[in-house]
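For reference, the structure is listed below as structure tokens.
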Amino acid sequence: MQSLEKTVQDDTATQEMLSLVLDEPERWAMFLDIDGTLLNLAPTPDAIEVPEALPGQLHRLSNKLGGALALVTGRSLAYADALFKPFAFPTAGLHGAEIRSAAGMHTLEATPEFQALKHALTAEAEHYPGVLIEDKGPAVAAHYRLAPEYEKVLEERMHHYAKVAGPNWALQLGKMVFELRPARSSKGDALERFFQSDPFKDRCPITIGDDLTDESMFAIANARGGVSVRVGAIGAPSCATSRLSSAALVRNVIAALAA
Ligand SMILES: O=P(O)(O)OC[C@H]1O[C@H](O[C@H]2O[C@H](CO)[C@@H](O)[C@H](O)[C@H]2O)[C@H](O)[C@@H](O)[C@@H]1O
Ligand SMILES: [Mg+2]
């Protein structure tokens with residue numbers, strides 16, 4: 001029963017996006033999360049694989065949309081660019097804290113205090129075998145996918161580090177990860193910034209993501225009369241109006257739209 005329900009949802013979400021975008025490409029803007037949405041999740045942050053055809057398909061789809069396709073990710077902007085080279089799509093990185101759009105580029109530096117915090121966290125993580133610390137400049141992620149037994153202790157310690165970091169940083173929960181990210185912006189805020197300039201201005205958003213951090217962009221899509229698609233198994237609470245069960249299905253939609 002559940003797989004039948006999933007299939008129906010997948011078909012509905014896929015058909016909806018195909019017909020909306022193919023019928024009126026000048027009306028829509030697409031905002032795509034990376035990990036778990038365009039790419040399959042992997043055991044470690046650097047073990048992800050970008051299917052060979054994907055960068056070119058995103059480029060062709062972006063052209064069809066008049067350039068109104070943006071990546072909106074927890075990765076740094078530089079990391080996202082490296083994944084999809086030679087293309088450099090409009091991108092929001094670090095959960096919205098960094099952005100590159102037609103209006104220009106905004107990046108952030110880690111403060112000396114945050115550098116010190118990252119050193120302390122990295123040193124502490126040596127006591128938790130399998131826990132990986134991902135240094136993202138003005139953000140840091142503590143991954144426990146390879147050491148799930150440390151989830152609780154890591155959660156407690158990341159709450160502590162969030163207090164040490166102060167109000168300019170926020171604790172972001174994700175898939176087997178606790179992150180400290182700049183507090184002042186979210187993925188939803190990034191969408192609103194994209195909408196301030198062409199080619200996004202006056203278009204309607206289609207947002208696709210798989211995690212808690214994507215909920216703020218789903219809310220913007222819903223408020224603007226757009227489409228919000230959560231990727232993953234049925235069950236996770238979400239304000240998305242539609243669902244696709246896997247990143248592979250998202251890539252099928254991208255391939256069909258780009259063809
Ligand atoms: O907003 P996203 O593009 O989805 O990025 C969210 C985080 O993704 C990465 O971590 C996740 O993916 C890893 C690779 O599949 C996986 O090993 C990890 O367990 C996931 O949490 C990335 O490493 C983070 O920096 C991003 O914030
Ligand atoms: Mg994701």
Side-chain angles (χ1 to χ4, degrees), residues 30-51 54-55 58 69-84 89-100 108 110 118 121-122 125 128 130-151 154-155 158 169-183 185-191 207-218 220-221 228-233 236 238 240 243-251 254:
M30 291 189 80
F31 298 95
L32 306 170
D33 169 67
I34 295 181
D35 291 276
T37 296
L38 287 175
L39 305 182
N40 296 349
L41 291 174
T44 66
D46 290 334
I48 44 169
E49 289 179 10
V50 181
L54 186 59
L58 289 170
L69 179 151
L71 304 175
V72 187
T73 179
R75 300 275 183 171
S76 71
L77 225 157
Y79 199 104
D81 278 350
L83 289 176
F84 298 104
F89 301 102
T91 299
L94 303 181
H95 304 278
E98 299 183 320
I99 193 161
R100 182 186 57 232
L108 286 175
K118 287 189 295 183
L121 172 61
T122 305
Y128 312 135
V131 167
L132 293 178
I133 303 302
E134 182 188 9
D135 184 347
K136 304 195 281 185
V140 67
H143 293 269
Y144 58 93
R145 187 172 290 276
L146 299 182
E149 65 274 26
Y150 289 116
E151 176 182 0
L154 208 53
E155 181 175 17
M158 289 302 279
W169 275 267
L171 185 62
Q172 175 70 54
L173 306 193
K175 291 189 168 167
M176 311 206 87
V177 66
F178 298 105
E179 301 193 37
L180 289 180
R181 63 163 174 83
S185 41
S186 65
K187 288 193 176 188
D189 296 332
L191 255 64
T207 54
I208 314 181
D210 71 311
D211 207 349
L212 285 173
T213 179
D214 301 305
E215 293 293 325
S216 62
M217 69 172 184
F218 297 153
I220 299 291
S228 49
V229 183
R230 175 94 181 222
V231 181
S238 173
R243 201 172 277 270
L244 281 174
S245 55
S246 70
L249 285 171
V250 176
R251 293 193 296 272
I254 302 291

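Only a predicted model underlies this, so the values are computations on that prediction, with no experimental measurement involved. In each ligand, atom 1 is the first atom listed, and ligand 1 is the first ligand listed.
Not a single heavy atom of R181 sits less than 4.0 Å from an atom of ligand 1. Using a 4.0 angstrom heavy-atom cutoff, D211 does not count as in contact with ligand 1. Within the structure, ligand 1 lacks Q172 among the residues with a heavy atom less than 4.0 angstrom away. Taking 4.0 Å as the cut-off, P43 counts as a neighbour of ligand 1 on heavy-atom distance.
When distances from the Mg ion (ligand 2) to the N, O or S atoms of D33 are compared, OD2 comes out shortest.
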Intermediate values then yes/no, side chain to side chain contact (heavy atoms under 4.5 Å, CB included), L69 and L32
CA-CA 8 Å; L69 179 151; L32 306 170; 4.1 Å; yes
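Distances between N or O atoms of E134 and those of ligand 1 include at least one value under 3.5 Å. Polar contact with ligand 1: present for I34 (N/O pair, distance under 3.5 Å). Residue T213 has no nitrogen or oxygen atom sitting less than 3.5 Å from a nitrogen or oxygen atom of ligand 1, judged on distance alone. The N/O atoms of M176, backbone and side chain alike, include none that comes under 3.5 Å of an N/O atom in ligand 1.
With contacts defined as side-chain heavy-atom distances shorter than 4.5 Å, the pair K187/D33 qualifies. At least one side-chain heavy atom of L132 sits less than 4.5 Å from a side-chain heavy atom of T44. A 4.5 Å side-chain heavy-atom check between M158 and L121 finds at least one atom pair inside the cut-off.
Looking from atom 7 (C) of ligand 1 to the surrounding protein, the closest heavy atom is E179 OE2, 4.0 Å. Closest to atom 17 (O) of ligand 1 among all protein heavy atoms lies A42 O, 2.7 Å.
Short contacts between ligand 1 and K136, defined as distances under 4.0 Å to a heavy atom of the residue, involve ligand atoms 24 (C), 25 (O), 26 (C), 27 (O). Applying the 4.0 Å criterion to heavy atoms of V177 picks out, from ligand 1, the atoms 21 (O). Close contacts of ligand 1 with H95, meaning ligand atoms under 4.0 Å from a residue heavy atom, involve 27 (O). If you number the atoms of ligand 1 from 1 as listed, the ones under 4.0 Å from a heavy atom of D33 come out as 1 (O), 2 (P), 3 (O), 4 (O).
Using modelled atom types and a 3.5 Å distance limit, the side chains of E98 and S76 yield no donor-acceptor pair.
For an aromatic pair to be called close, the ring centres must be under 6.0 Å apart, and F178 with Y144 satisfies this.
Tested against H95 for a side chain to side chain donor-acceptor pair (under 3.5 Å), the candidates R181, R75, E179 yield a single pass: E179.
In summary, D210 places an N/O/S atom under 2.8 Å from the Mg ion (ligand 2), meeting the contact criterion.
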